[in-house]
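Presented below is the structure to which this report refers.
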2 protein chains.
Amino acid sequence: MTKYAKKIREIIEASRDHKTAEQIFEALKKTYPTVVRATVYNNLNKLWDAGMIRKISSEGLPDRYDRLERHDHLMCRKCGRLIDVDLGDLTQQLQQRLRVPILSYDLKLMYICEACRKKEQEEGREES
Amino acid sequence: MTKYAKKIREIIEASRDHKTAEQIFEALKKTYPTVVRATVYNNLNKLWDAGMIRKISSEGLPDRYDRLERHDHLMCRKCGRLIDVDLGDLTQQLQQRLRVPILSYDLKLMYICEACRKKEQEEGREES
DNA sequence: ATCTAAATTTAGAATTATTCTAAAAAGAGG
DNA sequence: CCTCTTTTTAGAATAATTCTAAATTTAGAT
């Protein structure tokens, strides 16, 4: 594992805010100011292929990266805001009903966040 | 609802193969040969905002669209191949453990498909 | 019908995240 | 200190999607 891969992994493991490649690039520059974007993408892909980090893809927004530690996500349907939640490990329950062995699962719960709910209400008022 | 939105919705509801915007564009051209891509994107976004279709975002691959009917997905971690599975409605079980009301949830089970498993084995042999 | 306003479509440019390419640099092992 | 492999770099290229502004269609009111 190269110094870049290692540091990128550390950044992701330490974070709770679902960083984008760009944000990881910015964070990495604090330690290695001359690093380029391609290095970040190369390593993110390598780490993901190796199953060492999570990747969260969402509608419209750039991919975000996350630590492995078991948890699920609450995602705002409007703005993409992500919040960590833990709904327990469903692996057993799910695997029982499938023939193929599953490596992992992603559970994304859609909701409308506070900010977007307010915005909706205001728009509703205006239109009336 | 315009004729385009209506037809796009029909295409998606009738499909079981998780079409991309491009594939929907191609399918739509059979009925409306002069339609342009932007119209497809406009309508897909509108239908999705209205909660009338599902959107499946995955790592690297373009977004795919899906009918609403309750089901989950088995996704190959290597190539993105999608298979429909039904693991039952977990809404109750999940909602119980959350304070905010959830609109829906996406459950994506990661596995390695047959084709990718074979490819892995062959690569393993070569390297040895 | 006819007018007006709002919504939709069109064409094509623009954006943006990400990947690719080829050359340079860094590492690893003998 | 060579040789081979891997990684990084710089910058061009790609590809999906969004944006813009003008043209067209639609819907409601007159």
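Just so it is clear: chains get the letters A, B, ... in the order the sequence lines come, proteins before strands, and each one is counted from 1. The figures that follow rest on heavy atoms only: side chains count, while hydrogens, waters and symmetry mates do not.
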*Find the distance Gln23(A):CD to dA17(C):C1' and express it as a whole number of Å.*
13 Å
*Determine whether more than 12 heavy atoms belonging to other residues, nucleotides or ligands lie under 6.0 Å from atom CZ of Arg77(A).*
yes
Using the 3.5 Å cut-off, write out each protein N or O paired with an N or O of nucleotides 5-12 of chain D and the distance between them.
residue	atom	partner	partner atom	Å
dT7(D)	OP2	Lys46(A)	NZ	3.3
dT8(D)	OP1	Thr2(A)	OG1	3.1
dT8(D)	OP2	Asn43(A)	ND2	3.2
dT9(D)	OP1	Tyr4(A)	OH	3.2
dT9(D)	OP2	Val36(A)	N	3.4
dT9(D)	OP2	Thr39(A)	OG1	2.6

*Could you point out which residue of Tyr32(B), Phe25(B), Tyr4(B) forms a side chain to side chain contact (heavy atoms under 4.5 Å, CB included) with Thr39(B)?*
Tyr4(B)
*asked:* Is the shortest side-chain heavy-atom distance between Glu69(A) and Arg16(A) below 4.5 Å?
replied: yes
*So, Asp106(B) versus His73(B): side-chain donor-acceptor pair below 3.5 Å or not?*
no
*Atom CG of Asp63(A) and atom P of dT16(C): how far apart are they, to the nearest Å?*
17 Å
*Would you write out the dot-bracket form of DNA chain D, 5' to 3', with Watson-Crick and G-U pairs under 3.5 Å, [ ] for crossing pairs, | for pairs to other strands and . for unpaired bases?*
||||||||||||||||||||||||||||||
*Measure from CZ on Phe25(A) to P on dT16(C) and round the result to the nearest Å.*
16 Å
*Interatomic distance, Arg64(A) CZ vs dA17(C) P [rounded to whole Å]*: 13 Å
*Side chains of Met75(A) and His18(A): closer than 4.5 Å at any heavy-atom pair?*
no
*Does the side chain of Gln95(B) reach to within under 4.5 Å of the side chain of Leu109(A), using non-hydrogen atoms?*
no
*Do the side chains of Ile112(A) and Val100(B) get nearer than 4.5 Å, heavy atoms only?*
no
*d(CD, Glu22(B); C1', dA15(D)) in whole Å*: 10 Å
*asked:* Taking Arg117(B) first and then Glu120(B), would you say they form a salt bridge - that is, a charged N and a carboxylate O separated by under 4.0 Å?
replied: no
*Leu61(A) CG to dT17(D) C1', straight-line distance once rounded to whole Å*: 13 Å
*asked:* Measure CD/Glu59(A) against P/dA16(D) and give the value in whole Å, please.
replied: 17 Å
*Reckon Tyr41(A) has a side-chain N or O less than 4.0 Å from the OP1 or OP2 of dT18(C)?*
yes
For nucleotides 23-25 of chain C, give me every protein contact, N/O to N/O, under 3.5 Å, one pair per line with atom names.
none

_Can you tell me if Lys6(A) has over 12 outside heavy atoms packed within less than 6.0 Å of its NZ?_
no
_Tell me whether Asp72(B) is salt-bridged to Arg97(A), with the criterion being a basic N under 4.0 Å from an acidic carboxylate O._
no
*Would you call Leu87(A) and Leu98(B) a side-chain contact if the rule is heavy atoms closer than 4.5 Å?*
yes
_Can you measure Met1(A) atom CE to dG27(C) atom P for me and round it to whole angstrom units?_
15 Å
